[in-house]
Amino acid sequence: MLEKRSGVFFIAGLFFFGLAFVSQAVVPILMYRDQPEKTAEQLVNPNVRFQMEDLAKRFPESFKEAFGEIPAVGPEREAWLNQRCADALRIGRKAYTGEACWHCHSQFVRPVSNEDRRWGPVAKAEEYQNELQRPVLFGTRRVGPDLSREGGRRSNDWHAVHLFKPNSLISGSPMPAYPWYFEGSPDKPNKRGLSLILYVQWLGSWLESYPYYEDYKASPLRSPDARRPSPAIAVTSEGGKP
Amino acid sequence: MQTQPTTTADLPRHSDLVEERLVRWYLIAACVYLTIAMLGGFLMGFQMIRYNPLAGIEIFSPGRWRMIHTNGVAYGFIATAFLGVLHWVVPRITLHPVLDHRLSYFIFFAWQVVILGTVVGIMLGEAQGLEWGETPVWIDPLAQVGLGLVAINFMAPIRHVKGPMYVTLWYFTAAFIWTFLTYAMGNFIPQYFVTGTSAGAIGGMFIHDLVGLFVTPLGWGAMYYFVPILLKKPIWSHGLSLVGFWGLAFFYPLTGIHHFLYTPIPMFLQYGAVLSTIAVEMVVTTVIVNFFATIRGSTGALRENIPIRWFYTGMVFYFLTCLQCAFQTTLTFQALIHFSDWVVGHAHMVMYGVFSQWLIGMMLYLFPRLWRTDWYSRRLLEWQYWLSAVGIAIMSADLIILGVFQGYMWASLAPWSDVIQFSIPWWALRIVSGVMIFASHMIFMTHMLLTWMKAVAERKQEAASNPSTVAQTV
Ligand code: HEM
Ligand code: HEM
């Protein structure tokens, strides 16, 4: 039996493989079946919507070229922005996987090694039950920091400059430059560039602890000293040392 | 060791069994792909020490070439080389040719399309978000069909074996099914059917099954074939072979989740994966004992017989990686070393230090037989071996030690850029050891060319002296 073809074929080849599949894959699938997969449209939340509008404000030309004219006020505008936001998240994810960002940046915070102090809340299963995590981008390597709580931590300008030339912000950064997401300079991101920045801003935007550096309403962090230009700069001045 | 006809008169002729041209094509293609894959490793390696001569060119994005590096090594080098070796071993051990030589040629060309499509697709930014499965989604179905055909083509001769099979064929038979199933599971289920955390569990299984159920069984199957032939004596213990195979078959598929410890995947599944990983280590020890007991009394072969030296070097590294694995899979170690260069060191030690050593050893055995001449120069063989062995030893030691430092620095909440600054000299040393490995490979390729030219010259000479005997070398 143990040395015969049929034994090897059926027991080792099919049965043992099937056993592992049931115990290691079917069990978690069943455990999480009550958490349905969200679509990109359902993932648009006020925080990431704010970033979308912020991109439109900061890079008006580029934004218009990439996504078209934002309709004037009204429900039309809401629907339009939400839809563009969802599209951009999909395009951004494609760039993120295509560039292998996730082979240098993980997307989960572990409950050990002081990681929750460095990055924020420990990862939960429901955070991953969505279209943009198919296939899931946990990652197995950190050359750069974890990005699952990156949303809102830096401004869109910062991300544009960083993506264009990382070591202009963080001297000695080993991260590659991505000039092909821009039309020649960091203030002109193209469609893929805008989408990639939005995708990074989306990461963690669903959390309660989403950083409050910028928002529609006045930030609670704003200092009484009116001459300080903007809380965004004040808070990130640490200079890439999360 | 065959269970087939015993008198030489009944034996089928080698030339009817083995399509030698195909074996040569596969092995040479594998060496070319390894060169490309290594260049990808250099691109990423140079980026990490912040010296990237190709910065700013989209198709040379280091991240994309990192994926070409890993996929090129797995599918371009290891899988291609194994296909060549299988075309030699399976017909010879079963004494039956593969199902159809035309099918073999079709598979050869389809496989090249898969590999080149993967490289071009990744260069254009079409990678799939799945570790080791970055092959763009539009190539996956072709690869899947190809793997099915491979299984059919090689199962045909295995079907003729009556009664108990030799160890090699247990491993090969299982590998054909496992590879097919693993590829299907890993590439389609997380992409189209399940999402999030449970897809992560499947992704982990895929990463691990690729190494454990595709590369490992083909590698050990080949070892059980070549080592007794080269040492001219049987494997020490048949019982241990049984333990090794069935232990691997049972425990290996259960270990996948150890790639994602401390993720939101349920904790009891993580514990299960940790335990079965440690069990695999026990099983591996039995196999290693079996092979080292086999070479006892013939250790002179390590000096004289170049392929044997490569095989046993690989086995030493195999033992080291699996030992390392038994530790690194525990939650204590994971907290420290996960995400760090420790894991990268581990990956190089197993993929280059073990399986590439074995495959290169097999090539060193096969090419002289395929070209019917000896290697051109013993000196070059020695240089090739020592550069490779020292290179990989330095590379893995460097990265594994660095990983420990990184783990402690991260846990101490040191600023990220400090950890990077600390790592740069170690990454530079990785480049140096990479140059040694690359040089070893270049020597190998040059040596192949010289040997081939020598073979051509010898054939010409023979033809000139005695025209009738040329085609009759067996
Ligand atoms: C297009 C793909 C990528 C994206 C969108 C991306 C995004 C980011 C972001 C947002 C940060 C800043 C994190 C923070 O400090 O808050 C960062 C930092 C970093 N990244 Fe990447 N990354 C990408 C690819 C890579 C690759 C391929 C590498 C590996 C060579 C890498 C290595 C690093 C390192 C070492 C840092 C820390 C130093 C720094 O901030 O520059 N990144 N990345
Ligand atoms: C020629 C010299 C080589 C250099 C310079 C090199 C460099 C690299 C670099 C920079 C990475 C990315 C590591 C990271 O994320 O920090 C990598 C990953 C990898 N390389 Fe190499 N490599 C070389 C040779 C090889 C060979 C010969 C093999 C196998 C036959 C190999 C197998 C791998 C694997 C499996 C990974 C993935 C590691 C992981 O994700 O944990 N490399 N290599």
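Chain identifiers are assigned alphabetically (A, B, ...) following the order of the sequence lines, protein sequences preceding nucleic acid strands; residue numbering begins at 1 within each chain. Remember, predicted model here, so these are calculated numbers, not experimental data.
When each of B:Ala127, B:Pro190, B:Ala175 is checked for heavy-atom pairs under 4.5 Å with chain A, B:Pro190 comes out on top. Listed options B:Gly272, B:Ala273, B:Pro253, B:Gly133 were ranked by heavy-atom pairs under 4.5 angstrom with chain A; first place goes to B:Pro253. Of the residues considered (B:Gly163, B:Ala55, B:Gly256), B:Gly163 shows the highest number of contacts with chain A, using heavy-atom pairs under 4.5 Å. Contact count versus chain B (heavy atoms, under 4.5 Å) is highest, among A:Ser171, A:Ala123, A:Ala20, for A:Ala20. Comparing A:Glu126, A:Glu127, A:Lys124 by how many heavy-atom pairs each has under 4.5 Å with chain B, the most go to A:Lys124. For the options A:Arg93, A:Arg141, A:Arg134, A:Gln133, heavy-atom pairs under 4.5 Å to chain B are most numerous at A:Arg141. In terms of heavy-atom pairs under 4.5 angstrom with chain A, the leader among B:Ile257, B:Thr197, B:Leu124 is B:Thr197. The candidate from B:Gln406, B:Gln128, B:Arg159 with the greatest count of non-hydrogen atom pairs under 4.5 Å with chain A is B:Arg159. Per-residue heavy-atom pair counts under 4.5 Å with chain A were compared for B:Ile207, B:Thr263, B:Ile202, and the maximum is reached by B:Thr263.
Across B:Ala201 and A:Pro28, no two heavy atoms sit closer than the pair CB-CG, 4.0 Å. Scanning both residues, B:Ala411 and A:Asn114, for their nearest heavy atoms gives O-ND2, 2.6 Å. When every heavy atom of A:Thr97 is checked against every heavy atom of B:Gly129, the shortest pair comes out as CG2-CA, 3.7 Å. Nearest heavy atom pair, residue A:Lys94 against residue B:Gly125, reads NZ-O, 4.3 Å. Nearest heavy-atom pair across A:Arg110 and B:Gln334 is NH1-O, 2.9 Å. Across every non-hydrogen atom of A:Phe108 and B:Leu261, the tightest pair is CE1-O, 4.1 Å.
When the shell of 6.0 Å around OH of B:Tyr51 is examined, it contains 12 or fewer heavy atoms from other residues, nucleotides or ligands. Counting heavy atoms of neighbouring residues, nucleotides and ligands inside a 6.0 Å radius, atom OH of B:Tyr408 does not exceed 12 of them. Heavy-atom neighbours of A:Glu65 CD from other residues, nucleotides or ligands within 6.0 Å: at or below the threshold of 12.
Counting heavy atoms from C-beta on, the side chains of A:Arg117 and B:Leu413 come closer than 4.5 Å. Taking 4.5 Å as the limit, some side-chain heavy atom of A:Trp180 sits within range of a side-chain heavy atom of B:Ser61. In this structure the side chain of B:Phe260 reaches within 4.5 angstrom of the side chain of A:Thr140, judged on heavy atoms. Using a 4.5 Å heavy-atom cutoff, the side chains of A:Asp146 and B:Phe339 are not in contact. Residues A:Phe138 and B:Pro264 meet the side-chain proximity criterion, which asks for heavy atoms closer than 4.5 Å. A heavy-atom distance below 4.5 Å is not found between the side chains of B:Asn52 and A:Pro176. Side-chain contact check for B:Pro266 versus A:Tyr32: some heavy-atom pair is nearer than 4.5 Å. The closest side-chain heavy-atom distance from A:Ser23 to B:Leu254 is below 4.5 Å.
Residue contact with chain B, scored on non-hydrogen atoms closer than 4.5 Å, involves the side chain of A:Val112 exclusively. In this structure, chain A has no heavy atom under 4.5 Å from any part of B:Thr70. Heavy atoms closer than 4.5 Å to chain A are found in the side chain of B:Phe268, but not in its backbone. For a residue to count as touching a neighbouring chain, one of its non-hydrogen atoms must lie under 4.5 Å from one of that chain's; by this rule B:Asp341 touches chain A with backbone and side chain alike. No part of B:Val167 comes within reach of chain A, as not one of its non-hydrogen atoms sits under 4.5 angstrom from that chain. The parts of B:Val194 that come within reach of chain A are both its backbone and its side chain, each placing non-hydrogen atoms under 4.5 angstrom from that chain. Proximity to chain A (any heavy atom under 4.5 Å) is restricted, for B:Ile57, to the backbone atoms N, CA, C and O. No part of A:Phe15 comes within reach of chain B, as not one of its non-hydrogen atoms sits under 4.5 angstrom from that chain. Contact of A:Gln35 with chain B is not made at all, since no heavy-atom distance falls under 4.5 Å. For a residue to count as touching a neighbouring chain, one of its non-hydrogen atoms must lie under 4.5 Å from one of that chain's; by this rule B:Trp65 does not touch chain A. Of the atoms belonging to A:Ile29, heavy atoms from both backbone and side chain fall under 4.5 Å from chain B. For chain A, the nearby part of B:Phe193 is the backbone; its heavy atoms alone come within less than 4.5 Å. Within the 4.5 angstrom heavy-atom criterion, no atom of B:Leu331 approaches chain A.
With hydrogens and angles left out, the side-chain atoms of B:Glu134 and A:His103 include a donor and acceptor closer than 3.5 Å.
Although no hydrogens or angles enter the test, the distance criterion places a donor-acceptor pair under 3.5 Å between the side chain of B:Thr195 and the main chain of A:Asn130. Here the side chain of A:Arg118 pairs a donor or acceptor atom with the backbone of B:Trp410 at under 3.5 angstrom. Without hydrogens or angle criteria, B:Glu131 side chain to A:Gly139 main chain gives no donor-acceptor distance under 3.5 Å. Looking at B:Trp178, its side chain does come within 3.5 Å of a backbone N or O of A:Ala12 through a donor-acceptor pair. Panel note: side chain B:Arg64, backbone A:Ala100; no donor-acceptor pair is recorded below 3.5 Å. The backbone N or O of A:Pro174 lies less than 3.5 Å from a partner atom in the side chain of B:Gln47, making a donor-acceptor pair.
Between B:Ser198 atom OG and A:Gln129 atom CD the span is 5.5 Å, to the nearest 0.5 Å. Rounding to the nearest 0.5 Å gives a distance of 14.0 Å between CZ of B:Arg66 and CD of A:Glu99. Between the CZ atom in A:Phe21 and the OG1 atom in B:Thr182 there is a gap of 11.0 Å [rounded to 0.5 Å]. Within the model, atoms CG of B:Leu269 and CE of A:Met31 stand 6.5 Å from one another, a figure rounded to the nearest 0.5 Å.
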* Verdict with supporting geometry, B:Phe250 and A:Leu19, side chain to side chain contact (heavy atoms under 4.5 Å, CB included) -> CA-CA 9 Å; B:Phe250 183 74; A:Leu19 192 69; 3.7 Å; yes

* To do: Before giving the answer on side chain to side chain contact (heavy atoms under 4.5 Å, CB included), spell out for A:Leu14 and B:Leu181 the whole-Å C-alpha distance, their side-chain angles and the decisive distance to 0.1 Å.
  => CA-CA 9 Å; A:Leu14 294 178; B:Leu181 293 177; 3.9 Å; yes

* For side chain to side chain contact (heavy atoms under 4.5 Å, CB included), just list the numbers for A:Cys104 and B:Met48, CA-CA rounded to whole Å, side-chain angles, deciding distance to a tenth of an Å, and then say yes or no. => CA-CA 11 Å; A:Cys104 283; B:Met48 288 167 78; over 6 Å; no

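Under the 30°/60° scheme for interplanar angles, the aromatic rings of A:Phe16 and B:Trp246 are found to stand perpendicular.
Remark: aromatic rings of A:Phe17 and B:Phe180 are distant, center separation not under 6.0 Å.
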